[in-house]
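Take a look at the structure below.
Quick caveat, the model's predicted, so the values are computed rather than measured. Side chains are part of it too, since the values below use all heavy atoms of this structure and drop only hydrogens, waters and symmetry mates.
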Number of protein chains: 2
Amino acid sequence: MQNSIEAVNELLVNLFNDILTIEKAALESGPFNDLTMTELHVIEAIGLTPRTMTQVAGQLGITVGTLTTTINRLLKKEYVLRNHAQNDRRFVEITLTHKGKLAHRLHESFHATMVKSIVDGMSEEDNTVLIESLKRLTEFFREQYDIKK
Amino acid sequence: MQNSIEAVNELLVNLFNDILTIEKAALESGPFNDLTMTELHVIEAIGLTPRTMTQVAGQLGITVGTLTTTINRLLKKEYVLRNHAQNDRRFVEITLTHKGKLAHRLHESFHATMVKSIVDGMSEEDNTVLIESLKRLTEFFREQYDIKK
DNA sequence: TTATATACTTTGAAAATCAAAATAATTTGT
DNA sequence: ACAAATTATTTTGATTTTCAAAGTATATAA
């Protein structure tokens with residue numbers, strides 16, 4: 001049992017590092033290599049519908065001030081648009097440009113390919129087990145540590 | 001099938017973000033809260049046996065120059081020692097101090113608690129499925145993207 | 001209509017990162 | 001043996017990422 005814990009922990013830690021390494025390498029060799037990883041994560045967090053600064057910063061666990069500087073750079077690189085909300089002009093609405101949406105889609109498909117590699121080789125039952133395990137882990141975290149979502 | 005891919009992807013992405021958030025929160029509220037996340041990751045990468053700069057930097061996917069600055073800070077905070085190897089004085093051997101080993105152990109036990117939460121509630125067979133899934137994913141990455149280990 | 005609250009940006013400073021140049025130690029080729 | 005090449009690391013100069021706190025603009029409440 002202690003053995004399983006060690007094994008799962010090591011696998012998760014390695015997976016973690018591998019995914020970060022691969023994402024970085026994929027980004028640098030792809031068509032959107034003027035983006036940094038931070039910028040790409042911001043693009044992912046924005047997604048396809050307009051989001052406010054507070055929403056995006058909260059989702060990424062960074063301060064709104066930090067996000068402002070990243071958005072400034074993404075504006076200059078023409079990946080996003082910044083507009084005041086017409087109903088309440090305090091709110092800023094961030095939207096992806098066409099280029100931003102392309103980058104978003106490419107990164108999504110990169111993720112899909114990654115995940116496909118596990119799911120494809122699995123039986124239906126094993127697949128269910130994997131999903132349930134991941135769900136349990138996520139739920140445990142959220143309960144235990146009170147994550148806001 | 002397309003459905004499973006979406007589900008697993010979303011779960012992995014959430015897990016990823018959650019773990020980062022929780023690790024940061026745990027660090028900030030614990031006894032070693034003078035450490036940044038980067039510094040903690042360096043301490044984890046060093047582990048309990050002496051490592052060289054190139055080894056540690058490679059493992060973390062950062063340049064050796066970047067690592068030097070982090071090690072400088074960890075030296076000042078007394079978490080590590082820096083010594084030349086006696087057989088080949090070009091090599092630097094980084095070792096954890098007593099304090100460094102304590103931080104290392106605390107972080108390890110944090111990880112163990114995390115993982116225990118999944119493994120504990122599982123049957124022996126489901127456990128095997130989870131481990132095999134994670135192994136397959138890791139191996140796929142390493143083959144596909146030629147990660148050095 | 002002043003005061004308060006909310007959403008965001010700016011500022012100042014530290015930490016994290018890289019590429020390229022510099023330093024130091026070892027190995028290789030002649 | 002000794003100059004040249006290689007290897008391991010540090011330093012330098014610059015950019016990015018980050019935060020906390022102060023500042024700005026807009027909306028709500030008293």
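- Picking from C:dT9, D:dA8, C:dA15 the nucleotide with the shortest atom distance to the side chain of B:T54 gives D:dA8.
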*Yes or no on side chain to side chain contact (heavy atoms under 4.5 Å, CB included) for A:V42 and A:L67, after CA distance, side-chain angles and deciding distance?*
CA-CA 8 Å; A:V42 169; A:L67 183 60; 4.0 Å; yes
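- When heavy atoms are screened at a 4.0 angstrom cut-off, A:I62 is found touching the sugar-phosphate backbone but no base atom.
- For A:T38 and D:dT17, the shortest distance from a side-chain N or O to OP1 or OP2 is below 4.0 Å.
- Taking a 4.0 Å limit (strictly below) on heavy-atom distances, residues 75-95 of chain B reaches DNA chain C at B:D88, B:R89, B:R90.
- The CG-P distance, from A:L60 to D:dC19, rounds to 11 Å in whole Å.
- Scanning all heavy atoms of the two residues, the minimum distance from B:L27 to B:F32 falls at CD1-O, 3.6 Å.
- Between A:L67 atom CG and D:dC19 atom P the separation is 10 Å, expressed in whole Å.
- Atom CG of B:N72 and atom P of D:dT12 are 11 Å apart (whole Å).
- An OP1 or OP2 oxygen of C:dT17 is reached within less than 4.0 angstrom by no side-chain nitrogen or oxygen of B:T66.
- Take the nearest nucleotide of DNA chain D for B:T69 and for A:T63: the residue whose nucleotide is more 5' is B:T69.
- Scanning both residues, A:A45 and A:V56, for their nearest heavy atoms gives CB-CG1, 4.0 Å.
- Between B:E39 and B:K77 there is a salt bridge, since at least one side-chain N of the basic residue sits less than 4.0 Å from a carboxylate O of the acidic one.
- Residue A:T52 is in sugar-phosphate contact alone, with no base atom involved, counting any heavy-atom pair closer than 4.0 Å across all strands shown.
- Relative orientation of the A:F110 and A:H107 rings is parallel, given thresholds of 30° and 60° on the angle between their planes.
- Atom NZ of A:K24 is separated from atom P of D:dT17 by 11 Å (rounded to the nearest Å).
- Rounded to a whole Å, the CZ atom of B:R73 is 15 Å from the C1' atom of D:dT11.
- For the atom pair B:E44 CD and B:Q59 CD, the distance stands at 10.0 Å (nearest 0.5 Å).
- At whole-Å resolution of the value, NE2 in A:H41 and P in D:dT17 are 11 Å apart.
- Closest approach of B:A103 to B:I43, counting heavy atoms only: CB-CD1, 4.5 Å.
- As a whole-Å value, the separation of A:L20 CG from C:dA16 P is 16 Å.
- Distances from the side chain of B:M53 to the nucleotides D:dT16, C:dT9, D:dT10 place D:dT10 closest.
- Atom CD1 of A:I71 and atom C1' of D:dT16 are 15 Å apart (whole Å).
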